[in-house]
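For clarity, every value in this text was computed on a predicted model and none was experimentally measured.
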Amino acid sequence: MPKTLPQRIVFTIVMATIMVYGMIVYNVALNTGGVTNATFGMALHEMPIMVPVAFVLEFFVVEKLATALAFTFMRPTDRPQFITYAISLMIVCIMCQL
């Protein structure tokens with residue numbers, strides 16, 4: 001897990017970008033009736049709008065809540081990789097509701 005501020009920023013950018021792209025591809029596929037090669041290109045057009053919004057929400061609001069939720073079923077002594085997965089899962093669960 002990120003320990004310093006630059007690490008937290010990079011982690012948040014990566015998480016927000018991947019999550020937003022996946023959700024946009026899903027929405028474009030629903031609107032166009034299926035997934036084609038063009039779906040992935042069309043999804044890129046909304047990225048400049050959605051990624052900054054997701055970054056701000058995730059960095060300032062969701063990250064602390066997701067960490068607290070993840071540690072309700074994880075222990076600090078668990079493997080760091082599984083803690084990272086749990087926090088990432090909680091971030092996605094919270095952000096997909098917004």
Side-chain angles (χ1 to χ4, degrees):
M1 280 310 300
K3 304 255 187 273
T4 64
L5 182 61
Q7 289 175 349
R8 283 183 54 218
I9 290 171
V10 169
F11 179 77
T12 304
I13 289 170
V14 170
M15 281 295 297
T17 303
I18 292 170
M19 183 178 54
V20 165
Y21 186 68
M23 292 304 296
I24 293 172
V25 167
Y26 176 73
N27 286 330
V28 170
L30 286 177
N31 289 335
T32 60
V35 178
T36 64
N37 288 338
T39 305
F40 298 101
M42 287 188 276
L44 291 174
H45 294 293
E46 292 184 40
M47 294 282 288
I49 299 165
M50 300 302 289
V51 170
V53 172
F55 174 81
V56 168
L57 280 172
E58 188 175 324
F59 192 77
F60 293 109
V61 178
V62 174
E63 187 176 358
K64 288 180 178 51
L65 179 60
T67 303
L69 286 172
F71 279 108
T72 61
F73 59 90
M74 298 296 292
R75 291 182 304 261
T77 58
D78 289 335
R79 292 176 59 188
Q81 143 186 15
F82 292 126
I83 293 172
T84 302
Y85 295 155
I87 292 171
S88 299
L89 178 68
M90 293 297 105
I91 288 172
V92 171
C93 289
I94 295 167
M95 290 293 287
C96 290
Q97 299 297 317
L98 297 176

### Summary
Looking only at heavy atoms, the pair that brings Gly34 and Thr39 closest together is O-OG1, 3.5 Å
### Ile87 vs Glu63, side-chain contact (heavy atoms from CB on, under 4.5 Å): CA-CA, chis, key distance, verdict
CA-CA 8 Å; Ile87 292 171; Glu63 187 176 358; 5.8 Å; no
### Query
If you look at every heavy atom in Met19 and Val92, which pair is closest and at what distance?
SD-CA, 3.9 Å
### Query
Shared ILVMFWY cluster between Met15 and Val10, side chains joined below 4.5 angstrom?
no
### Query
When rounded to the nearest 0.5 angstrom, what is the spacing between CD in Glu58 and CZ in Arg8?
10.5 Å
### Task
Following the transitive rule for hydrophobic clusters with a side-chain heavy-atom cut-off under 4.5 Å over Ile, Leu, Val, Met, Phe, Trp and Tyr, establish whether Tyr85 and Phe73 coincide in one cluster.
yes
### Message
Count I, L, V, M, F, W, Y as connected when their side-chain heavy atoms are under 4.5 Å apart, and connections chain through other members. Are Ile94 and Tyr26 then in the same cluster?
### Response
no
### Query
Which pair of non-hydrogen atoms, one from Pro76 and one from Ile83, has the smallest distance, and what is that distance?
O-CD1, 4.0 Å
### Message
What's the separation between atom OG1 in Thr67 and atom CD1 in Ile91, rounded to the nearest 0.5 Å?
### Response
6.5 Å
### Joint cluster assignment, Met23 & Val20, ILVMFWY side-chain distance < 4.5 Å
no
### Query
Are the side chain of Tyr21 and the backbone N or O of Phe40 linked by a donor-acceptor pair below 3.5 Å?
yes
### Query
In terms of ring plane angle, is the pair Phe59 and Phe55 parallel, tilted or perpendicular, where the classes change at 30° and 60°?
parallel
### Query
Do the side chain of Asn31 and the main chain of Val28 share a donor and acceptor less than 3.5 angstrom apart?
no
### Query
Under a single-linkage definition using a 4.5 Å side-chain heavy-atom cutoff for Ile, Leu, Val, Met, Phe, Trp and Tyr, are Met50 and Val56 assigned to the same hydrophobic cluster?
no
### Message
I'd like to know if the side chain of Thr17 and the backbone of Val14 have a donor-acceptor N/O pair within less than 3.5 Å.
### Response
no
